[in-house]
Amino acid sequence: MSSAKEKKEVKQMDSETMARKIKGMIAEYVDIKLDSEFVECFKELGEINYQAAVYDLVNNIMERRVEHVEQVVKGVALLEADAGLSVDTAIAGLSEFSEQLVDISLDAPNAFKFFGMMMAATHVPLSRVVETLGDLATNVSSPLPPGFPIIAAYLKHLITMNGEEKTRQDIEDAKFDIVQFLNKDRRSDAEVRRSLNLQDLLPLFPKFA
């Protein structure tokens, strides 16, 4: 005998349907700011669609106002605990999107910042940021490598979520190498200190202070 409470089977969505649903979710959340509704809407997408949902969440915020993005990442930070969004799935969605991030940044000046904020909100650990960034992490030949502003935004949002002391301790425990994201010819202590200071990140890396 079948139960009336059986879960409805969720199928994989096509890209157009997913984009439409994510757009509606974000519009509603920015408007009413109800965390529980945002989480429930995400859960209704079904785990089979979570990776694509992460991709579309990031895509949708690229050209939004900062205050709207801050609201969205607040909700996204709840999804691991309240909707079962795994770090592996989040990283898969973020990594897929990262492949076009440089091109998107040409028309969306906050693209790197918003991507970094989403990395923090989806609880990407320090040990897996290089994996998440893919080629962006190793593109260090240009005068302004794209990985550094992304990581700067990621670390700042970790501070917002966890506090400066815990973030600094996590960096130390992970032996996180911030220098790897800087231009390969600008890695002297003085140049690293200057780059960190410009991003207000020097307190997280006391060895360069």
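Values reported hereafter were calculated over all heavy atoms of this structure, with side chains retained and with hydrogens, waters and symmetry mates removed.
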Margin query: Whether Arg20 and Asp56 form a salt bridge (side-chain N of Lys/Arg under 4.0 Å from carboxylate O of Asp/Glu) is what I want to check.
Written below: no
Check: Does Val140 belong to the same Ile/Leu/Val/Met/Phe/Trp/Tyr cluster as Val192, with side-chain heavy atoms less than 4.5 Å apart forming each link?
Finding: no
Next item on the list: Please assess Met62 against Leu101 for the test side-chain contact (heavy atoms from CB on, under 4.5 Å), listing each intermediate value before the final yes or no.
Entry: CA-CA 9 Å; Met62 285 291 103; Leu101 192 57; 3.9 Å; yes
Next item on the list: Could you tell me the separation between the CG atom of Leu204 and the CD atom of Glu165, rounded to the nearest 0.5 Å?
Entry: 10.0 Å
Checklist line | Residue list, ring-ring contact (aromatic ring centres under 6.0 Å, His included) with Tyr154, at least two apart or on another chain | finding: none
Checklist line | Closest non-hydrogen atom pair between Ala77 and Met161, with its separation | finding: CB-CE, 4.3 Å
Check: Do the side chains of Ile26 and Val66 join up, straight or via other hydrophobic residues, at under 4.5 Å, putting them in one cluster?
Finding: yes
Checklist line | Flag side-chain contact, heavy atom, 4.5 Å: Gln51 against Val54 | finding: no
Margin query: Looking at every heavy atom in both Arg64 and Phe114, which two are closest together, and how far apart are they?
Written below: O-CE1, 3.5 Å
Margin query: As an exercise, state the distance from CD of Glu172 to CD of Gln169, rounded to the nearest 0.5 Å.
Written below: 5.0 Å
Notebook entry, point to check: Hey, are the side chains of Ile150 and Phe181 touching, using non-hydrogen atoms and a 4.5 Å cut-off?
Noted result: no
Notebook entry, point to check: How far apart are the C-alpha atoms of Glu80 and Ser86, what are their side-chain angles, what is the distance that settles it, and do they pass the side-chain contact (heavy atoms from CB on, under 4.5 Å) test?
Noted result: CA-CA 6 Å; Glu80 181 183 35; Ser86 71; over 6 Å; no
Next item on the list: Check whether any side-chain N or O of Arg187 sits under 3.5 Å from a backbone N or O of Leu182 as a donor-acceptor pair, and report yes or no.
Entry: yes
Checklist line | Rounded distance (nearest 0.5 Å) linking atom CD1 of Ile178 with atom NZ of Lys207 | finding: 10.5 Å
Next item on the list: Ignoring hydrogens and angles, tell me if any N or O in the side chain of Thr89 forms a donor-acceptor pair with the backbone of Leu85 under 3.5 Å.
Entry: no
Checklist line | Lys33 NZ: over 12 foreign heavy atoms closer than 6.0 Å | finding: yes
Item checked: Separation between CG of Leu57 and NZ of Lys23, rounded to the nearest 0.5 Å -> 14.5 Å
Next item on the list: With rounding to the nearest 0.5 Å, note down the distance linking CZ in Phe205 to OG in Ser195.
Entry: 11.5 Å
Next item on the list: Determine whether Leu133 and Ile151 make a side-chain contact, defined as any pair of heavy atoms from C-beta on separated by less than 4.5 Å.
Entry: yes
Check: Hey, are the side chains of Ile171 and Thr167 touching, using non-hydrogen atoms and a 4.5 Å cut-off?
Finding: yes
Check: Are any non-hydrogen side-chain atoms of Ile22 and Leu45 less than 4.5 angstrom apart?
Finding: yes
Check: Would you say the side-chain atoms of Ser95 pair up with the backbone N or O of Ala92, donor to acceptor, closer than 3.5 Å?
Finding: no
Next item on the list: Take Leu126 and Leu155 through the test side-chain contact (heavy atoms from CB on, under 4.5 Å) and record every step on the way to the result.
Entry: CA-CA 9 Å; Leu126 288 157; Leu155 293 174; 4.0 Å; yes
Item checked: Stepwise ring pair (Phe, Tyr, Trp, His ring centres under 6.0 Å) check, Tyr50 with Phe42 -> CA-CA 8 Å; Tyr50 277 7; Phe42 190 87; 4.5 Å; yes
Note to self: Checking Thr17 against Asp14: is there a side-chain donor and acceptor pair closer than 3.5 Å?
What the structure shows: yes
Item checked: Between Gln71 and Tyr29: side-chain donor-acceptor atoms closer than 3.5 Å -> yes
Note to self: Could you report the tightest heavy-atom contact between Glu164 and Pro203, atom names first, then the distance?
What the structure shows: OE2-CB, 3.6 Å
Next item on the list: Give me the one residue out of His123, Met117, Met118 that meets side-chain contact (heavy atoms from CB on, under 4.5 Å) with Val76.
Entry: Met118
Notebook entry, point to check: Going hydrophobic residue to hydrophobic residue with side-chain gaps under 4.5 angstrom, can you get from Ile48 over to Val87?
Noted result: no
Note to self: Could you check whether any side-chain heavy atom of Asn49 comes within less than 4.5 Å of a side-chain heavy atom of Lys21, counting everything from C-beta outward?
What the structure shows: no
Notebook entry, point to check: At their closest point, which heavy atom of Ala121 faces which heavy atom of His157, and how far apart are they?
Noted result: N-CD2, 4.2 Å
Next item on the list: Could you tell me which non-hydrogen atom of Ser142 sits nearest to which non-hydrogen atom of Asn183, and how far apart they are?
Entry: O-ND2, 2.7 Å
Checklist line | Donor-acceptor contact present, side-chain Asn139 to main-chain Gly147, <3.5 Å | finding: no
Check: Given side chains that start at C-beta, do those of Phe208 and Val179 come closer than 4.5 Å, heavy atoms only?
Finding: yes
Margin query: Starting from Phe115, can I reach Leu201 by hopping between I/L/V/M/F/W/Y residues whose side chains sit under 4.5 Å apart?
Written below: yes
Notebook entry, point to check: Minimum heavy-atom separation for Tyr55 to Gly93, with atom names?
Noted result: CD1-O, 4.0 Å
Check: Any donor and acceptor pair, going by atom type alone, linking the side chain of Gln180 with main-chain N or O of Asp177 inside 3.5 Å?
Finding: yes
Margin query: With no hydrogens and no angle check, just 3.5 Å: does a side-chain donor-acceptor pair link Glu191 and Ser188?
Written below: yes
Next item on the list: For side-chain contact (heavy atoms from CB on, under 4.5 Å), just list the numbers for Val58 and Leu94, CA-CA rounded to whole Å, side-chain angles, deciding distance to a tenth of an Å, and then say yes or no.
Entry: CA-CA 8 Å; Val58 182; Leu94 289 166; 3.6 Å; yes
Notebook entry, point to check: Heavy-atom distance under 4.5 Å between the side chains of Asp88 and Arg128, does that happen here?
Noted result: yes
Item checked: CD (Glu67) with more than 12 external heavy atoms under 6.0 Å -> yes
Check: Measuring from Asp135:CG to Ser98:OG, what's the distance to the nearest 0.5 Å?
Finding: 7.5 Å
Notebook entry, point to check: In terms of side-chain geometry, is the basic nitrogen of Asp35 or Lys74 positioned less than 4.0 Å from the acidic oxygen of its partner?
Noted result: yes
Margin query: Tell me whether Arg193 contacts the main-chain N or O of Leu202 through its side chain, where contact means a donor paired with an acceptor under 3.5 Å.
Written below: no
